[in-house]
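Working notes, beginning with the structure itself.
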Amino acid sequence: MGKKRFSRFFISIVAMLLLLGQTVAMASSGSFYDDTTKKIYPQDQAIFQLESLLTSKTNKGLWLKQNDDLYINYALAEGALKQAIADMGGIPPGGFTAEQIEQLKALAQSGDFLADEAKKQELAKYWSLDKPILELESLTVQPNMVVVQTDTQVRVTIQVPYTLNDLHTPDGATSPVQLWVKRGAQEWEEKGFLLDDGDLANHGDEIKNDQVYSNFFSFNEETTGSIQLKATVETSAGLELAKESSIQVVATTDGQSVQEIITIHHEVENMVDDIFNSPNPPSTIDQVLLQLQQSLQNNNLIQNTTSSDNVLEIQYANGLTSFIAIQGEEERGGITSIVQEASAETSPETEPVVETDKEELSEGSDLDQEEFEQQQEPNQQEPESEEPADAPKEEVQPTKPVQTEKDTRNGEATVPVEQQTRGDNVEPVEVGLRSSVSMMGLSSTANEEMIGSRNVMIWAPFAAEFSPYDETQGIINTLGQSELGFDYTVFSNQDADVASLKNMTDYGLIVLATHGAGGRWVGTGEIVTDNKKYEAEQTAGQMAIWQNMKLKKEGGVSKLHPVYAVNEKWFDSQLNGSFNKSIVVNNSCESTITNILWNTFQSKGAGAYYGYNKVVGSDFAVDRVIDLVHKMAVLHQTTGEAYEQQTGSNGAVWQMRGNPNLKFPAGLVNGSFEKGMQAWEKDGDGRVISGLGFLQPVHGNRMGIISTGLGYTIEHGSIEQTFQVPSDATTLSFNWNYLSEEFVEWIGTAYDDPFKVTLEGEHGVTLVLDLSVTKIANLFGAARYIPGNLIHVSPTIVFDQGDVWMTDWQFTEFDISALQGQKVTLRFYATDEGDTIFSTAVLLDNIKVE
């Protein structure tokens, strides 16, 4: 899912110099990086290695990448490269001079040394292109893991930012987009075609001719391992683009392996009870863990056990992993001494922790989720009045109530999250080299960079357990003091499940208020009730089972329900899309003890990462994140300015990794959707596309679309963004194009699908645009069965039922002088009126505040 641009850049550097004439000092570093072999070659081996790569590559789907917009085919570069290297006497030790680069470009453009006339023509055709060659989006594979010897239907999707006129469909092919598979050392084999035909039932394609190609493919693999997938696309200019992904094939045991873990955890629960009820109980948690390890060492289900910072990690003979954390009630990460010394600052009593029903848990896969939720209900209430220690002194009302259910921000979660249309494009985010920062003394430079979104995700799977030291309300109060305009989504307790993490790339700030271990594991709030549910992911090493055992002040131990934990392999494989210089605060134990999670988030576009080098107490963790949010959201400081190294009572050091120059933007962000849905909140159907039939964006390569229900979502679609109107801004402007199946048969009837644009500020809601089927018909001289100036676009563009008519691109300008300096929410909204049979969609682009 993530893009490894930097390494591909080095592979392609010499050929790019030839064919593009870009001034890049490749040889000045004295090395050459080969992404295929993952090795760095010395300067004297660079020429040989590059020539070897070129001669060993085949023509199909192999491309060199120079930047976000330009690709070159190996086959076209091969002859030019060899001849040019020979003519120049090899790569000079100091790199190519500007004059030599021009010579190389002239050589490549002339093509005189290419014996093959067809290659000459292809090369000439490339140089005659008057627009950049656009990059394919990521190849999306759902699911990307299958069980061996099991029939599995996989949906494969890719966005191709080209119109049909720009693509070439080979003779005998049904589509210009083809899927290939490769198993191990075997050759690539044709698997089938991806289609953009709007056939949702048979091909999984939501909208015809929206440049998103999809299809279902069946897999039934005989052996475990990995299957490589590659989508290839031929353009009308003779160029071939490719994008790769993979499917992991694992073997499972129908839940038996997970049941073995549950059984061991019950045994550990009994052991812990015995240890603390013994005549001479241990005085430290380390001693408890040591006794547990000794008791488990002869269990033939266990391969190995290790303990660190109050957490026992168990590796099983079946290949799975689990964790048991023994912690103090008032601590997020545990305590090293069971008997604490009195301190001046005592922690409030926590609510009672629900005991595990051992008899029920031993049943494993048949437990009812609702029953668990009812059992935990007393623990899921938010604190009524207590504030975290570092909460703002002035009481500030939150901008909206705390949410405890997924995606209920607008109170209209009529369609499950997993069925909402999100758009299948995964936006590219360029990731450069980041400086690793972990100590104090950071200073910002003039080179400030903007975080891609003001949307905030607060993910708190243990909010009830951590209460009253839960950062959620403190963060919300702090965001409410900011003039920048933040939207937030809260996932608390069991709503902070595994699936809720998949879209964390949609946010500019992500706070993971959870348990963790080793700088790679993150605990979720999803209780283990079905042993089969994530067995494949556990077998693949992406997930584990985590169970907390809390020491009571009055004595004894409370055993919480086992939940799932995820690690860097899960994030690398399962995250949707890429971050846009987002900030991740991993407010869990040991979150920076290694750089494993940070490296994964960074590779997917994250800009900065905060955490702790060891076990951390909840009060210290809450203070740190609220202080960071206050400095960045209210004081508008950079990531570096807002960071101050501090050490908690447990010796945990607050640390930072990444770019110290990141800052939250103040005004409207991503108004042309070039970064996908970054900075925008959506409800229902809201997504970004690169084209719809022959319709292209007004600005750039992408545009937004909201609809009354295309594909999986029904009834409505909206997008919105909250921001501060600049003090000198006078105008909001945007382009829109209204398309509907309600035209022209249902003009003037009750099926009058509205399209509205509003600005909600400090003094209420301002209506910017108020249109509908009938109102637009009046503007365009249309009536029932009379199209007037409306444009018929079917069959090129079709939705679900009838013909589609459109307004074509229109421009709206609105005076916002009265809103200067205010925090406002800009919302674009479309919905069905009367029924949901015929669909309406609105294209949006070039949204500006000036």
Side-chain angles (χ1 to χ4, degrees), residues 399-401 403 407-415 420-423 453-456 479-480 483-489 506-508 665-673 675-688 703-709 713 715-726 729 731-738 753-772 775-776 810-816 818-820 822-833 840-850:
T399 56
K400 53 177 75 71
Q403 302 293 331
D407 247 6
T408 57
R409 192 174 167 279
N410 296 294
E412 298 178 352
T414 58
V415 179
Q420 291 187 9
T421 44
R422 304 170 181 278
S453 172
R454 288 182 299 271
N455 296 338
V456 178
L479 294 175
E483 297 178 347
L484 300 184
F486 286 87
D487 278 318
Y488 61 82
T489 304
D506 291 342
Y507 301 89
L668 182 75
V669 179
N670 193 28
S672 285
F673 304 100
K675 293 294 184 182
M677 285 295 293
Q678 295 281 357
W680 294 95
E681 285 276 348
K682 82 176 189 70
D683 183 46
D685 188 16
R687 65 182 104 180
V688 173
M703 55 188 170
I705 181 173
I706 56 176
S707 83
T708 63
T713 302
E715 191 175 352
H716 71 277
S718 71
I719 62 170
E720 64 179 54
Q721 185 178 152
T722 303
F723 59 93
Q724 184 182 31
V725 178
T731 305
L732 164 69
S733 63
F734 54 91
N735 292 92
W736 56 272
N737 185 358
Y738 186 102
D753 295 354
F755 163 50
K756 296 183 180 181
V757 183
T758 61
L759 277 167
E760 183 177 358
E762 298 173 1
H763 305 296
V765 178
T766 300
L767 193 60
V768 176
L769 199 61
D770 184 9
L771 296 173
S772 66
K775 290 178 181 178
I776 289 175
Q810 306 297 316
F811 177 73
T812 293
E813 197 170 61
F814 187 80
D815 187 354
I816 57 171
L819 298 173
Q820 290 176 349
Q822 290 188 32
K823 182 169 62 176
V824 300
T825 298
L826 173 63
R827 186 172 189 239
F828 297 86
Y829 179 77
T831 189
D832 271 313
E833 188 74 25
T840 294
V842 183
L843 300 177
L844 303 167
D845 201 6
N846 205 28
I847 305 167
K848 295 181 179 179
V849 173
E850 298 175 309

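If you read the sequence from its start, that first residue is 1, and numbering goes on from there. None of the values given here were measured: they were computed from a predicted structure.
With rounding to the nearest 0.5 angstrom, the CG atom of Asn735 is 10.5 Å from the CD atom of Glu813. Taking OH of Tyr488 as the start and CG of Asn455 as the end, the distance is 12.5 Å to the nearest 0.5 Å. How far OG1 of Thr825 is from CG of Leu759: 8.5 Å, rounded to the nearest 0.5 Å. Arg687 CZ to Phe673 CZ: the interatomic distance, rounded to the nearest 0.5 Å, is 13.5 Å.
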Audit row: Glu720, Asp487, side chain to side chain contact (heavy atoms under 4.5 Å, CB included) steps and yes/no:
CA-CA 10 Å; Glu720 64 179 54; Asp487 278 318; 4.3 Å; yes
Determine, step by step, whether Leu769 and Phe734 satisfy the side chain to side chain contact (heavy atoms under 4.5 Å, CB included) criterion, reporting the C-alpha distance in whole Å, the side-chain angles of both residues, the deciding distance to 0.1 Å, and the verdict.
CA-CA 11 Å; Leu769 199 61; Phe734 54 91; 4.1 Å; yes
Would Phe814 and Thr766 count as a side chain to side chain contact (heavy atoms under 4.5 Å, CB included) here? Give the steps.
CA-CA 11 Å; Phe814 187 80; Thr766 300; 3.6 Å; yes
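Between Thr489 and Glu681, the closest side-chain pair of non-hydrogen atoms falls below 4.5 Å. Here the side chains of Trp736 and Phe755 are in contact, with some heavy-atom distance below 4.5 Å. Residues Arg454 and Gln721 form a side-chain contact, since some pair of their non-hydrogen atoms from C-beta on lies under 4.5 Å apart. In this structure the side chain of Ser718 never reaches within 4.5 angstrom of the side chain of Ile706, judged on heavy atoms. Put simply, the side chain of Leu826 reaches to within 4.5 Å of the side chain of Leu732, judged on heavy atoms. Contact check for Val669 versus Phe723: no side-chain heavy atoms found under the 4.5 Å cut-off. In this structure, Met677 and Ile719 have side chains that are in contact, with non-hydrogen atoms separated by less than 4.5 Å.
Residues Tyr829 and His716 share a closest heavy-atom pair of OH-CB, 4.4 Å.
Every residue meeting the side chain to side chain donor-acceptor pair (under 3.5 Å) condition with Asp832, not counting sequence neighbours, appears here in chain and number order: Thr708. Residues passing the side chain to side chain donor-acceptor pair (under 3.5 Å) test with Gln822: none are found, sequence neighbours excluded. Residues that satisfy the side-chain contact (heavy atoms from CB on, under 4.5 Å) test with Gln820, not counting sequence neighbours, are Thr730, Ser817. Here Thr758 pairs with nothing under the side chain to side chain donor-acceptor pair (under 3.5 Å) rule; sequence neighbours left out. Among residues two or more places apart in sequence or in another chain, the side chain to side chain donor-acceptor pair (under 3.5 Å) test is passed with Trp680 by none.
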Only distances under 3.5 Å count here; give the side-chain donor-acceptor pairs of residues 840-850 to other protein atoms, sequence neighbours excluded, each with its distance to 0.1 Å.
{"from": "Thr840", "atom 1": "OG1", "to": "Ser740", "atom 2": "OG", "distance (Å)": "2.7"}
{"from": "Thr840", "atom 1": "OG1", "to": "Asp753", "atom 2": "OD2", "distance (Å)": "2.7"}
{"from": "Asp845", "atom 1": "OD2", "to": "Val698", "atom 2": "N", "distance (Å)": "2.8"}
{"from": "Asp845", "atom 1": "OD2", "to": "His699", "atom 2": "N", "distance (Å)": "2.9"}

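With hydrogens and angles ignored, the 3.5 Å screen pairs no side-chain donor or acceptor of Asn670 with any backbone N or O of Ala679.
Sorted by first and then second residue, the salt bridge (charged side-chain N to carboxylate O under 4.0 Å, His left out) pairs involving residues 760-771 (not counting sequence neighbours) are Asp770-Lys775.
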